[in-house]
J.: 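Okay, here's the structure, questions in a sec.
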Amino acid sequence: MAATASANSLTSAFLPPQGLNGSSKSLQWRTQTKQFGRKSGSATITAKFDLNSPPYPMDALEPHMSSRTFEFHWGKHHRAYVDNLNKQIEGTELDGKTLEDIILVTYNKGAPLSAFNNAAQAWNHQFFWESMKPNGGGEPSGELLELINRDFGSYDTFVKEFKAAAATQFGSGWAWLAYKPEDKKLALAKTPNAENPLVLGYTPLLTIDVWEHAYYLDFQDALEPHMSSRTLEIHWGKHHRAYVDNLNKQIDGTELHGKTLKDILLITYNNGSPLPAFNNAAQAWNHQFFWESMKPNGGGEPSGELLELINRDFGSYDTFVKEFKAAAATQFGSGWAWLAYKPEDKKLALVKTPNAENPLVLGYTPLLTIDVWEHAYYLDFQNRRPDYISVFMEKLISWEAVSSRLKAAIA
Ligand SMILES: [Fe+2]
Ligand SMILES: [Fe+2]
């Protein structure tokens with residue numbers, strides 16, 4: 001279970017949604033089938049799940065969820081999960097199983113196999129689209145309302161607790177209303193990244209996607225080719241600020257007060273069982289380190305001792321770029337990719353870390369980082385994380401900062 005923190009961008013105020021447009025695009029959604037199905041027409045079973053459409057046109061939830069968000073969320077993110085799953089399972093023993101079975105098999109009792117993320121995200125998104133409708137919302141009725149009243153005390157309490165679950169899922173994930181067959185009760189669940197209540201043996205009833213891609217465009221819609229001032233305004237002025245403010249509140253009057261940020265994050269990491277202040281402390285540190293990893297007109301190839309060590313430890317600068325990009329691109333969900341120095345073997349190493357974690361907790365010295373939380377790039381690149389990573393490498397890295405960190409590390 002992910003640790004929780006009060007710093008979550010969901011607590012930011014929503015700006016008014018963008019205008020009504022894009023109705024013609026709903027035509028793209030018209031011919032899809034309703035259930036997860038496989039393409040037929042061949043005697044051979046091939047692993048082929050369809051990307052099913054939402055059960056309404058993509059502009060039907062305007063102005064609450066924009067068609068622009070759907071265009072990316074359904075048309076790019078959901079599609080990628082389905083396409084990648086099909087590639088992964090083709091010709092394997094998973095070929096021919098239902099999506100639910102694939103999720104349960106690949107969850108592998110909490111040690112997920114490679115197809116789990118795509119399978120569960122394909123299922124979760126379909127379930128999410130079907131959890132909404134035009135002119136939806138408000139209070140339910142009948143047996144559902146009776147059970148909500150019985151198990152949460154009141155509808156208002158349920159709303160409060162559901163909102164809290166969704167707002168405090170730290171990093172990428174989902175919040176759920178579920179039914180627990182074993183005690184015949186409703187329950188709230190929040191799950192990180194691709195996980196869902198099916199793997200806990202619960203029956204999902206309702207979900208909200210709280211990956212940043214689910215709502216980022218509808219907060220703001222400023223699309224520029226590079227890291228825009230709008231992104232910095234929100235990323236530094238809202239996200240980074242919230243981590244710092246919330247940390248200050250958390251440590252006020254405690255024994256952590258007066259310690260350095262680095263000491264606080266090392267103490268609260270607590271050997272991998274993080275205490276409540278860890279997420280805010282580590283995110284405050286990571287973001288400062290990230291800003292200082294960039295400069296105007298940065299990027300390109302480094303020089304001097306740094307380049308020598310990169311050549312020695314990665315074979316070549318080109319190989320390093322390829323491997324750094326791959327690390328940043330494959331950190332599933334929210335997180336960071338790093339170039340770090342490992343004191344024990346005096347070598348450079350690549351590290352990727354989930355959510356707030358960083359190489360300090362592994363005993364490495366961080367030299368360079370890229371933030372791959374979706375909030376870092378969504379306004380400028382939407383789902384195109386690889387493009388954001390390329391621009392970071394080619395236009396933004398401050399090799400001077402990295403070199404001086406290296407000097408300090410090996411001194
Ligand atoms: Fe999503
Ligand atoms: Fe960030």
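Ligands are counted one by one from 1 in listed order, and the atoms in each one are counted from 1 as well.
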J.: Please work out the angle at the Fe ion (ligand 1) defined by atom NE2 of His125 on one side and atom OD2 of Asp209 on the other, rounded to 10°.
T.: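 So the angle at the metal works out to 100°.
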J.: Do the side chain of Trp211 and the main chain of Asn193 share a donor and acceptor less than 3.5 angstrom apart?
T.: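 A pair under 3.5 Å: yes.
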J.: Report the angle formed at the Fe ion (ligand 2) by atom NE2 of His375 and atom NE2 of His235, rounding to the nearest 10°.
T.: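 It is 90°, given to the nearest 10°.
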J.: Using 2.8 Å as a strict upper limit, say whether an N, O or S atom of His73 approaches the Fe ion (ligand 1) that closely.
T.: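 Looking at His73, which is the residue asked about, there is an N, O or S atom under 2.8 Å from the Fe ion (ligand 1).
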J.: Under a 3.5 Å threshold, yes or no: a donor from one side chain and an acceptor from the other, between Thr191 and Trp176?
T.: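 There is such a pair between these side chains.
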J.: In terms of relative ring orientation, are Phe128 and His73 parallel, tilted or perpendicular, with 30° and 60° separating the classes?
T.: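 Rings of Phe128 and His73: tilted, 30 to 60°.
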J.: Indicate whether any N or O donor in one side chain lies under 3.5 Å from an N or O acceptor in the other, for Trp129 and His78.
T.: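 Yes.
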J.: When you measure from the Fe ion (ligand 1) to the N, O or S atoms of His77, does any of those distances fall below 2.8 Å?
T.: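 For His77, the answer is no, given that no N, O or S atom comes within less than 2.8 Å of the Fe ion (ligand 1).
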